[in-house]
Amino acid sequence: MSATCNTYLVKSRPTPASTSSRTPRDTAAPNRVRAVLDRAGYTRDSVRAALRTDQHLTAQPGEVVLFERRVAGSSTLEILIRLFLVGQTVQPDGAATLAPQLLRELERAGLVELTDRGLRATVKLAPHGDILIACDRAYYRDSETHAADLVTGVSSPAILLADLTVRRAARSALDLGTGGGIQALLLAKHCRRVVAVDVNPRALEFARMNAGLNGIDNIELRLGSWFEPVANERFDLITANPPYVMSPDSTFLYRDSGMPADSLCRQLVQEIPDHLEEGGFGHILVSWAQRSSEEWSAPLRRWIKELPCDVWLLHYLTEDPLTQAGKWNQPLVYDGMAAYGSAIDRWVDYYRREGIEQIAFGAVILRKRSGASNWIRADSFQAGGGSSAGLLLRVFEAEDFLRALGDDSKLLDERFALVPEHRLEQKLRADGGAWQLEEGTLTLTQGISFHGSLDMGAAQLLQHLDGRLTLREAVVEASRELELSRSDAVTLAQTGLAMTRRLYQLGFLIRKRTSKRNQAR
């Protein structure tokens, strides 16, 4: 089933205001819709400017209240934002200000409908980067919010997974649990062929719709559960955003797995290698049960034991059962505090029965490397600024090199350079009529925002890591500039070696390979 938009229209579930068929009225609509929306300024940057936010446009209930007030005017962009992000019904006089061609194309595509109360969007439509993502409206005031086959769009977890995905040219990619297709659309930009799988038929309808909106025709949609539709197939890249929430419910297909505790996440992590080509990468968001007395990575290490993969474990947060139950049942507040409290109690009782003391969330990145001594590393992280694709490749390359090196002292003969995506902040103090470094902080500015502290010696050494000097030569130069004694210079060499190794591991540094011609000189 190819995502060529032969079935483009996705209507909301029938309601008194919306009883239209899902049959497409105009199969040529997608490209025209995108064109008229672009001309109207419905792009990520313009929408962010109108809403005065630099955050991703997830339009949570609390945000919606603010957005309503920021776009209360009559411009075309404000009306489109109220329709597609805020979820307002626009009064007839407001709808009349839309250009006739724009309104006509939106109606033909089934994205809006005229009701007794005015013009209503049938979907939520959010710009993300240079793509548009349509999904169910799912505003707290809508009945769709409680439907089991609800399809979500631009969400914080979806953005996190996208940012943690390797972006390199590939022949094939698989998106498991595609939902509205955001990961598949992004993969389609650098992969020749993408297969998108979901057990929810409405999700595949939205994925097809979004492929059409974005002019993408290399996505194949398959209905089924997890790896069943791709049995015996292998891919260069795999992404998965499963229903990782540990829940006693089976309310939402996108959230609840219906399986005990973290068993679905464990199963998928263990099955991903079977569907990866050699050297291929798998990326999956996971949640796992953690005992209060154990280190956060311990359960994940048990999952991946014996897998033919190098694995990077990433820990985002750990929460207690009450916090987890409160967060995921927050929408029930709009049904009344009694319903909200009852749901929290039921979830906490479930965690107690399952012996779940803490709930952790993060990601597992796997690279298939069979017949080798595979490595595992674990890091805690905070979401940073955009894609970590380059960082992922640097981290895997660095780990390979360090594991093969054996003796860290050999790093002294390597040339390193800071990546451009860094920021050094210095806190100075006056001492004897001169400024002295009190504290320095080095931060990655692209992707995962790793950061570390630097003292005077480390900061001075870092200045010389520009790819021209070996680490040994950089230590000598920094020691000379700081006028260090012999013993202090030895100490700087030791601490500088440890610092360089860690910064290389975390992706701050790249290793500059020396050509044979330069070595001969």
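For reference, positions follow the sequence shown, starting with 1. Note that the structure is predicted; figures quoted are calculated from it, not measured.
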What pairs meet the salt bridge (charged side-chain N to carboxylate O under 4.0 Å, His left out) rule with one or both residues in residues 166-184, with sequence neighbours excluded?
Arg171-Asp236

I want to know whether His422 and Phe508 have ring centres closer than 6.0 Å.
no

In a check of side-chain contact (heavy atoms from CB on, under 4.5 Å) between Thr500 and each of Val475, Leu411, Leu465, which one passes?
Leu465

With sequence neighbours left out, write down each residue that passes side chain to side chain contact (heavy atoms under 4.5 Å, CB included) with Glu294, or none if nothing qualifies.
Gln290, Arg291, Ala298, Pro299, Arg302

State whether a side-chain donor-acceptor pair under 3.5 Å links His315 with Ser380.
yes

Taking the six-membered ring of Tyr504 (Phe, Tyr or Trp), confirm whether the NZ or CZ of Arg511 is under 6.0 Å from its centre and within 45° of its axis.
no

Can you check salt bridge (charged side-chain N to carboxylate O under 4.0 Å, His left out) on Asp130 and Lys189, steps first, answer last?
CA-CA 11 Å; Asp130 60 353; Lys189 291 176 176 292; 3.5 Å; yes

Among Leu160, Leu186, Leu187, find the residue that satisfies the side-chain contact (heavy atoms from CB on, under 4.5 Å) test when tested with Thr165.
Leu187

For Asp320, side-chain hydrogen bond (donor to acceptor under 3.5 Å, both in side chains) partners two or more places apart:
Thr323

So does Glu414 pair up with Arg501, basic N to acidic O under 4.0 Å?
no

Verify the distance criterion only: is there a donor paired with an acceptor across the side chains of Tyr340 and Gln330 at less than 3.5 Å?
yes

Looking at Lys410 and Asp408, is there a salt bridge between them, counting it only when a charged N and a carboxylate O are closer than 4.0 Å?
no

To the nearest 0.5 Å, atom CD1 of Ile359 lies from atom OH of Tyr351 at 4.5 Å

How about Thr43 and Asp45: does a side-chain donor come under 3.5 Å of a side-chain acceptor?
no

If the threshold is 4.0 Å, N to carboxylate O, is there a salt bridge linking Arg222 and Asp198?
no

